[in-house]
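Letters go in sequence order (proteins before strands), and every chain restarts at 1.
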2 protein chains.
Amino acid sequence: MKSKYVLMDHGSGGLATQELVQEVFLSRLANPFLCRLEDSAVLEPLKGQLAFTTDSYVVDPPFFPGGNIGSLAVHGTINDLAMQGAEPAALSLGLILEEGLPMEDLHKIATSLAEASKNAEVPIVAADTKVVPRGKADRIFINTSGVGCVPKGVKLGSDLVAGGDAVIVSGTIGDHGVTIMASREGLGLETSIKSDTAPLHKMVYELLKRFGSAIKCFRDPTRGGLATVIHEIASASQTEITLYEEAIPVRPQVQSVCDLLGLDPLYLANEGKLVAVVAGDAARNVVEAMRDDPLGMDAAIIGKVNPVNGPGRGRAILETTIGGKRMLEPLTGEPLPRIC
Amino acid sequence: MKSKYVLMDHGSGGLATQELVQEVFLSRLANPFLCRLEDSAVLEPLKGQLAFTTDSYVVDPPFFPGGNIGSLAVHGTINDLAMQGAEPAALSLGLILEEGLPMEDLHKIATSLAEASKNAEVPIVAADTKVVPRGKADRIFINTSGVGCVPKGVKLGSDLVAGGDAVIVSGTIGDHGVTIMASREGLGLETSIKSDTAPLHKMVYELLKRFGSAIKCFRDPTRGGLATVIHEIASASQTEITLYEEAIPVRPQVQSVCDLLGLDPLYLANEGKLVAVVAGDAARNVVEAMRDDPLGMDAAIIGKVNPVNGPGRGRAILETTIGGKRMLEPLTGEPLPRIC
């Protein structure tokens with residue numbers, strides 16, 4: 001059966017499913033684990049603690065400047081593993097397709113999945129495809145789960161953050177959020193901005209190798225943005241974190257769109273940036289090391305952790321460019337649904 | 001924020017997401033891994049090969065006699081691990097919610113997820129929640145991925161199947177498929193049948209302990225049903241498999257509904273049954289061992305593997321009750337969409 005569109009039959013588990021899997025996915029993602037087509041992939045034992053994560057991607061639109069839902073799904077889950085210091089070992093792929101999705105779109109997304117997986121050197125070893133009738137999903141939803149190995153000696157966590165630490169971001173913020181907003185039909189925004197979607201595990205690996213326990217925790221500021229992540233870290237560590245607004249890298253075009261639409265880049269999603277909290281005396285060297293990586297060119301120290309006891313614990317404060325101070329709260333409301 | 005319905009805000013990644021996660025999920029699923037709320041769960045090293053699987057669940061309706069999408073999502077992924085001989089270690093949970101889903105339904109599903117996970121003794125250690133606008137999904141879709149450990153010495157696979165082996169099914173077939181069909185609005189079927197959704201890992205563990213390498217492979221006949229699985233095994237092993245129709249256990253009520261609607265139970269989904277191919281001389285003992293387990297009460301030998309060379313390879317044949325023979329092909333077309 002050759003169809004220009006995804007049909008219900010492609011989700012039956014029978015012959016049409018096998019054909020779809022073969023033509024669209026196995027042709028591009030082939031590896032010895034996936035090709036066995038058994039109920040589970042069986043991988044070699046991992047040497048260390050097992051990291052395990054999951055994320056579903058429902059981004060609207062599925063295609064946007066800088067990537068599509070396929071590359072996003074690979075990078076996002078790799079980054080979730082990397083933030084725990086894990087070396088990603090393998091990904092799974094769960095597809096929910098809407099009947100009528102153009103087969104050409106599915107091929108493009110599969111190509112991106114395959115390229116992202118290959119470039120990151122993390123294979124997709126298990127997969128599942130479901131099809132729902134037209135109007136019961138929005139084109140394509142992707143779940144990627146991931147497993148990885150935390151090397152011996154690596155210990156990261158918000159609970160390790162303490163007074164005197166420095167807060168670093170690996171580059172400009174808000175690029176992904178503004179790109180998705182500008183890509184939405186009807187908004188009529190034209191910008192040269194593209195999504196920052198990228199895999200951060202190699203940067204993390206290098207940083208851990210060079211700086212070891214000077215690094216307290218990594219977080220990727222996706223949904224909820226930088227402000228939400230900083231608030232979470234302050235809350236988990238029961239410290240007070242101060243961010244310096246003027247130190248936070250934001251592209252001028254991103255700032256312009258935000259000004260126009262009344263959005264705050266601190267709350268916009270990023271898909272190729274990380275926040276690192278590191279020992280204060282290592283901060284400069286960490287930033288320089290990040291800048292050696294093309295994905296960390298705009299890295300900057302953006303804040304510090306203040307030791308506090310009593311009522312100030314667990315809060316985050318922004319020192320604004322004009323010299324004021326305001327509390328950074330976690331995101332409330334939903335300014336940009338389906339950003340990832 | 002207290003709402004009787006799921007709102008877009010619940011998927012923002014901000015405060016409303018945190019509240020939803022806490023009230024609906026952490027309150028029921030609490031374990032030290034999930035409660036850290038980091039980007040990945042970090043588990044102890046597994047002692048053996050790592051099994052990894054994924055499945056998305058889009059069953060319509062999400063509530064049905066015998067279970068709901070929550071218990072189904074836990075059992076289905078546990079079974080995918082078990083079919084490779086893996087002892088399930090942990091599950092991830094990826095939720096895609098439609099705006100407007102009654103919060104009461106979400107609580108019911110979360111309760112089932114928690115009960116199924118607890119009864120199976122497999123914790124949910126990582127989770128993600130997305131919300132899409134009304135009309136962009138159908139109430140709730142769930143992805144569960146799973147990791148497990150294949151004990152040393154366990155080797156299973158369709159490629160081990162050889163002439164002389166026997167084919168066993170652990171119980172009646174078609175129960176889940178007929179239940180879902182009868183549950184669909186407007187079909188007006190009243191039956192006493194309920195879904196067979198159940199976790200099979202403990203049965204698998206016992207069988208492997210007792211019969212070791214006499215067991216060649218396990219498969220769970222979900223989408224595509226028994227016929228599709230048998231065809232896949234014959235194809236992978238390049239053997240010919242004969243099934244005896246009269247030996248295949250089917251509940252009379254299931255057969256009646258199938259007769260009424262022109263469906264073949266051999267192609268209906270099962271969610272708590274397994275097919276085992278075992279060495280011929282072990283078959284009787286394996287069936288008896290299955291019957292010791294409440295989930296295997298109706299286990300039966302239903303066929304045999306014929307050694308063939310040449311053009312007969314890779315096919316499956318049904319010897320019918322009235323003495324005829326027909327080829328068993330994999331499922332084509334989609335008689336029952338969104339069965340799981």
Next item on the list: For the residue pair A:Phe52 and B:Phe52, categorise the inter-ring angle as parallel (less than 30°), tilted (30 to 60°) or perpendicular (more than 60°).
Entry: perpendicular
Checklist line | Heavy-atom closest pair, residues B:Thr53 and A:Ala126 | finding: CA-CB, 4.1 Å
Margin query: Which atoms of A:Glu329 are under 4.5 Å from chain B, going by heavy atoms: the side chain, the backbone, both sets, or neither?
Written below: neither
Margin query: Tell me which of these, B:Ala82, B:Ala41, B:Pro330, B:Ala51, has more heavy-atom pairs under 4.5 Å with chain A than the rest.
Written below: B:Ala41
Next item on the list: Could you look at B:Leu91 and say if it's the side chain, the backbone, both or neither that has a heavy atom under 4.5 Å from chain A?
Entry: backbone
Margin query: So which atom in B:Val58 and which in A:Lys130 form the shortest heavy-atom distance, rounded to 0.1 Å?
Written below: CG2-CB, 4.1 Å
Item checked: Minimum heavy-atom distance between A:Gln84 and B:Asp39, given as atom pair plus value -> NE2-N, 3.5 Å
Next item on the list: Let me know if A:Cys217 has heavy atoms under 4.5 Å from chain B in its side chain, its backbone, both or neither.
Entry: neither
Next item on the list: For chain A, find which of B:Glu38, B:Met8, B:Glu98 contributes the most heavy-atom pairs closer than 4.5 angstrom.
Entry: B:Glu38
Margin query: Given heavy-atom pairs under 4.5 angstrom as the criterion, report whether the side chain, backbone, both or neither of B:Cys340 touches chain A.
Written below: both
Checklist line | Part of A:Ser56 within contact of chain B (heavy atom distance under 4.5 Å) | finding: both
Checklist line | A:Ser158 versus chain B, the contacting section by heavy-atom distance below 4.5 Å | finding: both
Notebook entry, point to check: So, for A:Thr54 and B:Gly94, which heavy atoms are closest and what is the spacing to 0.1 Å?
Noted result: CG2-N, 4.4 Å
Note to self: If you count heavy-atom pairs within less than 4.5 Å of chain B, which of A:Pro45, A:Gly224, A:Ala90 leads?
What the structure shows: A:Pro45
Check: Rounded to the nearest 0.5 Å, how far apart are CD1 of B:Ile339 and OG of A:Ser12?
Finding: 11.5 Å
Notebook entry, point to check: Can you say whether A:Ala127 sits under 4.5 Å from chain B via the side chain, the backbone, both, or neither, judging by heavy atoms?
Noted result: backbone
Next item on the list: Examine whether an atom of A:Leu81 lies under 4.5 Å from a heavy atom of chain B, and if so say whether it belongs to the side chain, the backbone or both; otherwise answer neither.
Entry: both
Checklist line | Max heavy-atom pair count under 4.5 Å with chain A, selected residue of B:Ala89, B:Gly11, B:Gly85 | finding: B:Gly11
Check: Are A:Gln49 and B:Leu43 close enough that some pair of their side-chain heavy atoms sits under 4.5 Å apart?
Finding: no
Note to self: Heavy-atom cut-off 4.5 Å, strictly under: side chain, backbone, both or neither for A:Leu156 against chain B?
What the structure shows: backbone
Check: Which atoms of A:Ile142 come close to chain B, meaning under 4.5 Å heavy atom to heavy atom: side chain ones, backbone ones, both, or neither?
Finding: neither
Checklist line | Main-chain N/O of B:Asp80 paired with A:Ser40 side-chain donor or acceptor, under 3.5 Å | finding: yes
Margin query: I need the residue from A:Thr222, A:Asp159, A:Asp128 with the largest number of non-hydrogen atom pairs under 4.5 Å to chain B.
Written below: A:Asp128
Note to self: With a 4.5 angstrom heavy-atom cut-off, is it the side chain or the backbone of A:Val125 that approaches chain B, or both, or neither?
What the structure shows: side chain
Next item on the list: Counting only heavy atoms closer than 4.5 Å, note whether B:Asn79 contacts chain A via side chain, backbone, both or neither.
Entry: neither
Please table the atom pairs, donor to acceptor, closer than 3.5 Å between any side-chain atom in residues 131-139 of chain A and protein atoms at least two apart or in another chain.
residue: A:Asp138; atom: OD2; partner: A:Arg338; partner atom: NH1; Å: 2.8
residue: A:Asp138; atom: OD2; partner: A:Arg338; partner atom: NH2; Å: 3.1
residue: A:Arg139; atom: NH2; partner: A:Asp60; partner atom: OD1; Å: 2.8

Margin query: So B:Leu331 and A:Leu15, do their side chains get closer than 4.5 Å, heavy atoms only?
Written below: no
Notebook entry, point to check: Quick one: does A:Arg223's side chain have a donor or acceptor within less than 3.5 Å of a partner on B:Gly14's backbone?
Noted result: no
Check: Which answer fits B:Thr228, side chain, backbone, both or neither, if we ask what part of it has an atom under 4.5 Å from a heavy atom of chain A?
Finding: side chain
Checklist line | Spacing of CG belonging to B:Asp55 relative to OG belonging to A:Ser92, to within rounding of 0.5 Å | finding: 10.0 Å
Next item on the list: State, yes or no, whether a side-chain contact exists between A:Leu50 and B:Val42 at a heavy-atom distance under 4.5 Å.
Entry: no
Notebook entry, point to check: With only heavy atoms counted, which part of A:Glu232 is less than 4.5 Å from chain B, the side chain, the backbone, both or neither?
Noted result: side chain
